[in-house]
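Notes follow once the structure below has been shown.
When reading the values below, keep in mind they use all heavy atoms of this one structure, side chains included, and skip hydrogens, waters and symmetry mates. Fair warning: this is a prediction, and the values are worked out from it, not measured in the lab.
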Amino acid sequence: MDPVEGNLHHMRENYGEGNLDMDSIFPSPFMQFEVWYQDASNANIAEPNAMVLSTATKDGRPSSRVVLLKEYNNKGFIFFTNYESRKGIEIAENPYACLNFWWPPLERQVRIEGVLEKIPAADSDAYFYSRPKGSQAGAIASPQSKVIESRAWLEQTFIRIQLEQEIKRPDHWGGYILRAERIEFWQGRTNRLHDRLLYSIQDDASWTVVRLAP
């Protein structure tokens with residue numbers, strides 16, 4: 001047996017940093033997320049807003065990548081990207097998606113399922129023009145997910161755009177909001193008896209919470 005494979009069999013952590021009980025959570029999953037996100041921010045985790053975004057084609061073929069959460073509120077979770085990228089194309093075909101946060105020092109995971117939709121153009125403008133000029137130019141220079149001829153071509157395109165007197169947000173770049181339908185909070189516990197509490201939205205826009213087996 002390959003020694004790396006053998007080592008993987010024995011890699012495990014026995015979690016014990018905390019617990020998650022029904023009587024200690026907020027009735028709103030957004031309030032609960034706010035508390036956990038602030039805990040992650042205060043734990044010196046590098047980019048606590050990093051999240052795995054999973055999308056799928058209209059035929060159900062999934063793909064995942066890490067993106068950065070830029071805003072959240074009681075309406076949903078917002079990130080920005082190229083609408084013509086692979087994820088943008090998949091979202092246009094199939095708006096159902098999932099976000100996943102993993103904060104190892106806290107032994108916590110949050111999984112969010114829902115429907116993605118574009119945010120208003122004015123909101124995308126506001127965020128785009130708040131970014132450093134280099135980031136603005138990078139968003140324009142990169143035909144995200146497309147085949148390019150070379151690294152040199154990309155860098156030359158980036159330099160040319162930076163030299164332009166006025167940089168405008170391209171129509172194919174902007175924000176999405178994931179309107180959550182299910183939000184699961186996972187807290188690691190000893191002996192793999194983890195805590196999993198699932199919020200689900202109801203027809204009247206209220207939220208119910210149940211405990212799931214780990």
Side-chain angles (χ1 to χ4, degrees), residues 4 7-55 63-82 85 87 97-114 116 119 123-124 126-139 142 144 173 175-180 182-199 207 209 211-212 214:
V4 175
N7 289 338
L8 289 176
H9 295 168
H10 302 288
M11 292 179 65
R12 58 177 55 87
E13 295 288 337
N14 197 24
Y15 301 127
E17 287 295 319
N19 61 285
L20 185 61
D21 296 319
M22 285 285 196
D23 58 4
S24 65
I25 60 171
F26 288 95
S28 163
F30 302 107
M31 294 175 65
Q32 186 64 37
F33 181 85
E34 166 69 11
V35 171
W36 273 28
Y37 182 78
Q38 292 304 319
D39 286 347
S41 298
N42 294 333
N44 296 318
I45 295 172
E47 295 191 306
N49 60 327
M51 58 188 183
V52 175
L53 165 66
S54 297
T55 56
S63 64
S64 297
R65 75 288 292 162
V66 176
V67 299
L68 298 178
L69 177 71
K70 289 300 180 179
E71 184 181 340
Y72 61 91
N73 51 47
N74 59 7
K75 296 180 180 179
F77 301 81
I78 296 172
F79 64 92
F80 294 83
T81 190
N82 187 315
S85 64
K87 57 183 167 297
C98 182
L99 306 175
N100 196 90
F101 294 86
W102 169 235
W103 297 311
L106 302 177
E107 300 172 354
R108 288 176 176 174
Q109 178 179 205
V110 181
R111 186 167 60 182
I112 305 164
E113 301 172 44
L116 285 166
I119 66 174
D123 293 342
S124 290
Y127 175 70
F128 182 82
Y129 295 117
S130 74
R131 307 174 87 201
K133 187 173 181 180
S135 296
Q136 295 176 9
S142 173
Q144 195 175 91
W173 191 97
Y176 289 101
I177 182 169
L178 186 138
R179 298 194 180 277
R182 292 160 56 95
I183 304 180
E184 180 187 322
F185 294 85
W186 181 101
Q187 176 70 62
R189 297 292 299 272
T190 58
N191 300 315
R192 294 296 187 265
L193 297 179
H194 311 304
D195 288 325
R196 295 176 61 190
L197 299 186
L198 174 64
Y199 290 78
W207 291 87
V209 188
R211 177 175 288 275
L212 304 179

Separation of [Y] [atom2] from [X] [atom1] (nearest 0.5 Å):
X: Ser142; Y: Asn82; atom1: OG; atom2: CG; answer: 7.0 Å
X: Ile177; Y: Ile78; atom1: CD1; atom2: CD1; answer: 4.5 Å
X: Gln32; Y: Trp207; atom1: CD; atom2: CH2; answer: 12.5 Å
X: Leu212; Y: Asp195; atom1: CG; atom2: CG; answer: 11.0 Å
X: Ser85; Y: Trp173; atom1: OG; atom2: CH2; answer: 11.5 Å
X: Trp103; Y: Gln109; atom1: CH2; atom2: CD; answer: 10.0 Å

Problem set entry | Phe185/Tyr199 under ring pair (Phe, Tyr, Trp, His ring centres under 6.0 Å): CA gap, chis, key distance, verdict | CA-CA 8 Å; Phe185 294 85; Tyr199 290 78; 5.6 Å; yes
Using side-chain heavy atoms (C-beta onward) and a distance below 4.5 Å, is [X] in contact with [Y]?
X: Phe79; Y: Leu53; result: yes
X: Leu198; Y: Val209; result: no
X: Ile183; Y: Arg111; result: no
X: Glu47; Y: Ile45; result: no
X: Ile25; Y: Asp21; result: no
X: Leu106; Y: Trp36; result: no
X: Tyr127; Y: Lys70; result: yes

Exercise. Taking atom NZ of Lys133 as the centre, does the number of heavy atoms from other residues, nucleotides or ligands within less than 6.0 Å exceed 12?
Worked result: yes
For this session: Check whether more than 12 heavy atoms from other residues, nucleotides or ligands sit under 6.0 Å from atom CZ of Arg182, and answer yes or no.
Result: no
Regarding [X] and [Y], is there a side-chain donor-to-acceptor distance under 3.5 Å anywhere?
X: Gln187; Y: Asn19; answer: no
X: Ser54; Y: Arg65; answer: no
X: Thr81; Y: Lys87; answer: yes

For [X] and [Y], work out which heavy atoms get closest and say how close.
X: Glu71; Y: Asn73; value: OE2-ND2, 3.5 Å
X: Ser64; Y: Val52; value: CB-CG1, 3.8 Å
X: Cys98; Y: Leu178; value: N-CD1, 4.4 Å
X: Ala139; Y: Phe128; value: CB-CE1, 4.2 Å
X: Glu184; Y: Arg196; value: OE2-NE, 2.7 Å

Donor-acceptor under 3.5 Å ([X] side chain, [Y] main chain):
X: Ser124; Y: Gly175; answer: yes
X: Asn191; Y: Leu193; answer: no
X: Asn42; Y: Gln38; answer: yes
X: Glu107; Y: Glu17; answer: yes
X: His194; Y: Pro214; answer: no

Problem set entry | Ser28/Asn74 under side chain to side chain contact (heavy atoms under 4.5 Å, CB included): CA gap, chis, key distance, verdict | CA-CA 9 Å; Ser28 163; Asn74 59 7; 5.8 Å; no
For this session: Apply side chain to side chain contact (heavy atoms under 4.5 Å, CB included) to the pair Phe77 and Phe33, showing each step before the final yes or no.
Result: CA-CA 11 Å; Phe77 301 81; Phe33 181 85; 3.8 Å; yes
Problem set entry | Criterion ring pair (Phe, Tyr, Trp, His ring centres under 6.0 Å) on Tyr72 and Tyr37, from CA distance to verdict | CA-CA 10 Å; Tyr72 61 91; Tyr37 182 78; 5.6 Å; yes
Exercise. For Met51, which of Val67, Val110, Ile112, Val66 qualifies under side chain to side chain contact (heavy atoms under 4.5 Å, CB included)?
Worked result: Val67
Exercise. After noting the C-alpha distance and the side-chain angles of Trp186 and Tyr15, does the key distance pass the ring pair (Phe, Tyr, Trp, His ring centres under 6.0 Å) rule?
Worked result: CA-CA 12 Å; Trp186 181 101; Tyr15 301 127; 5.8 Å; yes
